[in-house]
Amino acid sequence: MSPRGARARRANGKKYATRLAAGVVVLGGTAVTAVAASAGGEGAGPGDGTRAAKVHALALDGKDPKRRALPRTGTPTFSLVGVSWEDSGDAFEGTAQIRTREAATGEWSEWHDLDFDIRAPESTEGEEPDVRGASEPLWVGPSDGVEARVVADGEEAAVPEALRLDMIDPGETVKGRGKGDGGVKGSGKGDAEPPTSGAPTDPAPGAVPAQEPTGHAATTIPTAPTAPAVVSRAGWGADESLVQDPPSYLNKVDAVFVHHTAGTNDYTCADSPAVIRAILTYHVRTNGWNDVGYNFFVDKCGTVFEGRAGGVERPVLGAHTYGFNSYSSGISLLGDYENGGTPTAAAQQAIADLAAWKLGLHDVAPEAKVALTAAADTGVWKKGQVATLNTISGHRDGYATLCPGATLYSALPGIRTTAGASPYATGN
C-alpha cells in the first residue's frame with residue numbers, strides 16, 4: 001500500500017465530508033467535535049434503538065513537532081478511545097498514553113498505553129484517500145473526561161499531522177439489539193443458544209431464531225459441517241447505515257488469524273454488544289474503512305458474534321491481518337491478552353469451534369499448514385514472499401505486532417488441537 005498525500009485527500013474531500021455530520025461543543029475552552037455515526041443524523045438510532053453511536057473528535061494541536069499533551073478535559077460521554085492522524089501511509093513511531101474519568105464515580109484511571117498495530121487493508125479499500133492512520137481503540141467504559149500525552153521516538157520521528165483523539169459513544173439499543181429480530185445464526189437446528197459451557201455467569205443478550213443475511217446474492221450453503229451459534233449483526237445492534245459499500249469475497253478461506261481487541265478484560269459479557277458497536281464505529285468513522293475489520297468476535301463467555309457483513313458462511317474479505325487478508329478470516333477475542341489477561345476455557349473452545357467450521361467450509365484442516373504469498377511488506381514477510389503458516393495462526397505470525405497477546409498466542413497450539421477434534425470440523 002503506497003502512502004496517500006494531501007493532494008489526493010483534497011480531491012476526495014467531498015466524499016469524506018458526506019460521511020461526517022459534525023457539530024462543535026465547547027467545554028472549558030476546548031473544542032470537541034461531535035460526529036454522529038448514524039447516517040440518519042445525530043438523533044437517529046440503529047433501527048428500534050434508543051440512541052445512535054457517536055464520535056467525539058478532539059484535536060491534539062501544538063507547536064512541538066515531537067510532542068502533544070492534553071490536560072484533563074471534560075468531554076461528552078464516551079466508552080472507547082483512540083488516537084488517529086491524517087494519512088494512514090504515515091507510520092507513527094512513538095508512544096501515546098491516555099487516562100479517563102469514570103462517568104459514574106468521577107475517578108480518574110491510571111495511564112493506559114495505546115497500541116499502534118492497525119494497518120489499512122492492502123486491498124482497494126485501504127487505498128481510499130480518506131483512510132486515516134490510527135491506534136488500536138481502547139475500551140474504557142462510560143467516561144466523561146480525558147487526559148493524553150503523545151511523544152514521537154527518535155531524532156527523525158515527528159508527531160503525525162492532524163493528530164486527534166477519537167472518543168466513541170457506542171449508543172444504546174433495545175436490550176442490546178438493533179433493527180430486526182437479530183439473534184443467532186447457524187447451528188442448523190432451529191433456535192440456538194450462545195455457547196455458555198464453562199463461561200462466567202453474565203452471558204450476552206439471549207438468542208433468537210436464525211435469519212439469513214439480506215442484500216447479498218443467493219448462496220448454496222453446504223450441509224456439512226454444521227455451523228456453531230453466531231450472534232448476528234442485528235443481534236448486537238450494528239448500525240448498517242455506516243456501511244456504504246457492498247462486501248467483497250475471497251475465492252477461499254485458507255487460514256484463520258486469531259486476534260485480541262486489547263483494551264481491558266474488565267468488561268462484562270452484557271457489555272460485549274456495546275464494545276463491538278464501538279469498534280465498528282471506530283473502524284468506519286475513525287479509520288475510514290467500509291465496515292468493521294474482523295470477520296468474527298468472541299467474548300470471554302464464549303459467545304460468537306458476526307463481524308464484517310456479507311454472510312457468516314461466506315468467504316468475506318476482512319481488514320484484520322495486513323498482507324494476508326485476501327486468504328483468510330479474522331477472529332478477535334474481546335480483551336487484552338498481552339498484559340496479564342488469560343483467555344477463558346469457554347473463549348478458547350469457541351475460537352476452536354468457529355475456526356474448525358469456517359475452515360471446514362473450504363475443506364481446510366484446522367491442524368494443517370498452508371503456504372500463502374504475502375500481498376504487502378508486513379514487518380515479518382516481504383511482499384511476494386511465500387509464508388508457511390498454520391491454518392489457525394496468530395496475527396503476529398503474519399504481521400509485526402504483539403497481537404493476539406502472549407497468553408492467547410501460547411494457547412493457539414491447544415486451540416488447533418481442540419479445533420481438530422471439534423464437532424464442527426469436517427468429518428467429525
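We use all heavy atoms of the structure for the numbers below, so side chains are in, but hydrogens, waters and symmetry mates are not.
T77 and D169 share no donor-acceptor pair across their side chains, judged by distance under 3.5 Å alone. Side chains of S393 and N390: a donor-acceptor N/O pair is absent below 3.5 angstrom, by distance only. T321 and H259 share a side-chain donor-acceptor pair at under 3.5 Å.
Here the side chain of K358 pairs a donor or acceptor atom with the backbone of V312 at under 3.5 angstrom.
Within 6.0 Å of CZ on R99 lie more than 12 heavy atoms contributed by other residues, nucleotides or ligands. Counting non-hydrogen atoms of neighbouring residues, nucleotides and ligands closer than 6.0 angstrom, the CD atom of Q385 exceeds 12 such neighbours.
Aromatic ring pairs are classed by plane angle as parallel below 30°, tilted from 30° to 60° and perpendicular above 60°; the pair Y294 and H283 is tilted. The aromatic rings of F257 and H320 sit tilted, their planes meeting at an angle between 30° and 60°. Using a 30° and 60° split on the angle between ring planes, H260 and Y337 fall in the tilted class, from 30° to 60°.
Rounded to the nearest 0.5 angstrom, W357 CH2 and S422 OG are separated by 12.0 Å. Once rounded to the nearest 0.5 Å, the distance linking OH of Y267 with OG1 of T261 reads 7.0 Å. To the nearest 0.5 Å, atoms CG (D377) and NZ (K383) are separated by 8.0 Å. In this structure, the separation between CG on L408 and SG on C403 is 8.0 Å, given to the nearest 0.5 Å. Rounded to the nearest 0.5 Å, atoms CG (N265) and CG (N339) are 9.0 Å apart. Summarising the geometry, atom OG belonging to S84 is positioned 10.0 Å from atom CD1 belonging to I118; distances are rounded to the nearest 0.5 Å.
Two residues are said to be in side-chain contact when any heavy atoms from C-beta on lie closer than 4.5 Å; Y399 and R396 fail this criterion. The shortest side-chain heavy-atom distance between H362 and T391 does not fall under the 4.5 Å cut-off. Side chains of R277 and T173 form a contact here, defined as non-hydrogen atoms less than 4.5 Å apart. At a threshold of 4.5 Å between non-hydrogen side-chain atoms, the residues N295 and S328 do not count as touching.
Ion pairing between R51 and E172 holds under the 4.0 Å rule for side-chain N and carboxylate O. A salt bridge is absent between R132 and D166; no separation between the charged side-chain nitrogens and carboxylate oxygens falls under 4.0 Å. Under a 4.0 Å N-O distance rule, the pair E367/R416 does not qualify as a salt bridge.
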Walk me through it: do D144 and R101 pass the test salt bridge (charged side-chain N to carboxylate O under 4.0 Å, His left out)?
CA-CA 6 Å; D144 61 5; R101 183 175 64 196; 2.8 Å; yes
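Of the candidates E110, E147, R149, R149 is the only one forming a side chain to side chain donor-acceptor pair (under 3.5 Å) with Q97.
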